[in-house]
Amino acid sequence: MCGRYVLHGPQSRLREHFDLRECAEWQARYNIAPQSEVLVIRQRPELGRVGQRVRWGLIPRWAKDAAIGLKLNNARAETVAEKPSFKSSFERHRCLIPANGFYEWQAVEEGGKTRKQPWYIRPAGDGEFLAMAGLLAAWKSPAGADVVTTCVITTTPNGVMAPIHERMPVLLAPGQFDAWLDPASRDVEALRRWLRPAPDAEITAYRVSSRVSNARNEGEDLLAPA
DNA sequence: CCAGACGTTGTT
DNA sequence: GTCTGG
DNA sequence: CCAGACGTTGTT
DNA sequence: GTCTGG
């Protein structure tokens, strides 16, 4: 889960909501897919929270081949603290991935065939942003280029998501941002306990057009209820 | 000890 | 780099 | 995540 | 079935 999402800003509200000191340029996007550039929020010593563009698809430091990043879009909350691919990132390189919402596909049986119905999930009420829990890794390519990548941590579904899909991204509340982002937070057990499904009251979901299923499609109208 | 893998999702 | 399997 | 491609040889 | 591209 969480293989497609939305970040349209506006950037001024993004900076405000996440209390960013600096933020990279970001063009509104309504169909962000793995392997593309995404905006992450990290905590820099002496500077504070900054927004930075990185590639979605985690390439661990030790990887000899960047191809592993094609598979690591998500990390399971249940095992992220132990898996070799994620362990050191979980201990020292946590980030937030800001989103206005994300998509999930629901398998629907129709006349003996399975159709994939896309849903859009956004904050309930007048909330503007969700904060997905993510990891970062810095990798040096054989050519010597520094490549920073990210992935989204997933967990079991809450009551809103359960009818739609078996997984959902871990969503953190503003009160958790500081401790999650602080590289000095080394209490892995305490951090791991935060990786739980969001309360039902925090999100709402509605059906959208299957046009979102093709990652080439873009635009605000992908959010229209269908 | 060394060698080899290192992951998630969804579907069957 | 670190863990698992042999 | 889903959609769409998935190949070689020899010639230009 | 599996990999790549978006």
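Side chains included, hydrogens not; waters and symmetry mates left out as well; all remaining heavy atoms used. So that the names make sense, note that chain A is the first sequence line, chain B the second, and so on, each numbered from 1.
- Distance from the side chain of A:Leu72 is smallest to B:dG7 among D:dC1, B:dT9, B:dG7.
- Taking atom CG on A:Asn74 and atom P on D:dC2, their separation rounds to 11 Å, with Å as the unit.
- Of all the residues in residues 82-92 of chain A, A:Lys83, A:Pro84, A:Ser85, A:Phe86 reach under 4.0 Å from DNA chain B with at least one non-hydrogen atom.
- Counting non-hydrogen atoms under 4.0 angstrom, A:Leu70 reaches the backbone sugars and phosphates but no base.
- Between A:Arg4 atom CZ and E:dG6 atom P there is a gap of 13 Å when expressed in whole angstrom units.
- Counting only heavy atoms from C-beta on, A:Lys116 has its side chain closest to B:dT11 among D:dC1, B:dT11, B:dT8.
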Check against ring-ring contact (aromatic ring centres under 6.0 Å, His included), A:Trp119 and A:Phe102
CA-CA 8 Å; A:Trp119 291 70; A:Phe102 60 91; over 10 Å; no
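- Distance A:Tyr103 OH to B:dT9 P: 20 Å, rounded to the nearest Å.
- Applying the Watson-Crick and G-U wobble criteria (two distances, each under 3.5 Å), D:dG7 pairs with nothing in any strand.
- When rounded to the nearest whole Å, the span between CD of A:Glu78 and P of B:dT8 equals 9 Å.
- Base pairing of E:dG5 is made with D:dC2, judged by Watson-Crick or G-U wobble geometry with both donor-acceptor distances under 3.5 Å.
- Nearest nucleotide to the A:Ile68 side chain, out of B:dT9, D:dC1, B:dC6: B:dC6.
- Of the candidate nucleotides B:dT9, D:dG4, E:dG6, D:dG4 has the atom nearest to the side chain of A:Asn214.
- Under the side-chain hydrogen bond (donor to acceptor under 3.5 Å, both in side chains) criterion, A:Asp146 pairs with A:Lys140, not counting sequence neighbours.
- Remark: A:Arg122 pairs with no residue by the side-chain hydrogen bond (donor to acceptor under 3.5 Å, both in side chains) rule, at least two apart or across chains.
- In this structure, A:His93 places its NE2 atom 13 Å from P of C:dG1, rounding to the nearest Å.
- The side chain of A:Ala33 has E:dG6 as its nearest neighbour among E:dG6, D:dC2, B:dG7.
- Taking the side chain as every heavy atom from C-beta outward, A:Arg94 and A:Ser185 approach each other to under 4.5 Å.
- Put simply, A:Trp62 rests on the base of B:dC6: the two rings are less than 5.5 Å apart at their centres and nearly parallel, under 30°.
- Counting heavy-atom neighbours within 6.0 Å of A:Glu109 CD, excluding the residue itself, gives a total above 12.
- Atom CH2 of A:Trp56 and atom C1' of B:dG7 are 15 Å apart (whole Å).
- For the C1' atom pair drawn from B:dC1 and D:dT9, the interatomic distance equals 48 Å after rounding to whole Å.
- We find that CG of A:Asn31 is positioned 18 Å from P of E:dG5, with the value rounded to whole Å.
- In the displayed structure, A:Arg61 atom CZ is contacted under 6.0 Å by at most 12 heavy atoms of other residues, nucleotides or ligands.
- One finds a salt bridge joining A:Arg13 and A:Glu16 here, because a Lys/Arg side-chain nitrogen approaches an Asp/Glu carboxylate oxygen to under 4.0 Å.
- Taken together through direct or relayed side-chain contacts under 4.5 Å among Ile, Leu, Val, Met, Phe, Trp and Tyr, A:Leu172 and A:Val188 form part of one hydrophobic cluster.
- In this structure, A:Arg216 reaches the sugar-phosphate backbone alone: every heavy-atom distance under 4.0 Å involves primed, P, OP1 or OP2 atoms, never a base.
- The CG-C1' distance, from A:Asp65 to C:dG1, rounds to 17 Å in whole Å.
- B:dC6 and E:dC3 have their P atoms separated by 13 Å, given to the nearest Å.
- Partner of A:Tyr5 under the ring-ring contact (aromatic ring centres under 6.0 Å, His included) criterion, chosen from A:Phe129, A:Trp56, A:Tyr120, A:Tyr103: A:Trp56.
- The side chain of A:Lys71 places no N or O atom within less than 4.0 Å of a non-bridging phosphate oxygen (OP1 or OP2) of B:dT9.
- Applying the 4.0 Å criterion to OP1 and OP2 of B:dT11, one finds that A:Thr114 has every side-chain N and O outside that range.
- Side-chain proximity of A:Thr79 to E:dG6, B:dT8, D:dA3: nearest is B:dT8.
- Using P as the reference atom, B:dT11 and E:dT2 are 15 Å apart when rounded to the nearest Å.
- The same atom, P, is picked in E:dG6 and in B:dG7; the two are 27 Å apart, to the nearest Å.
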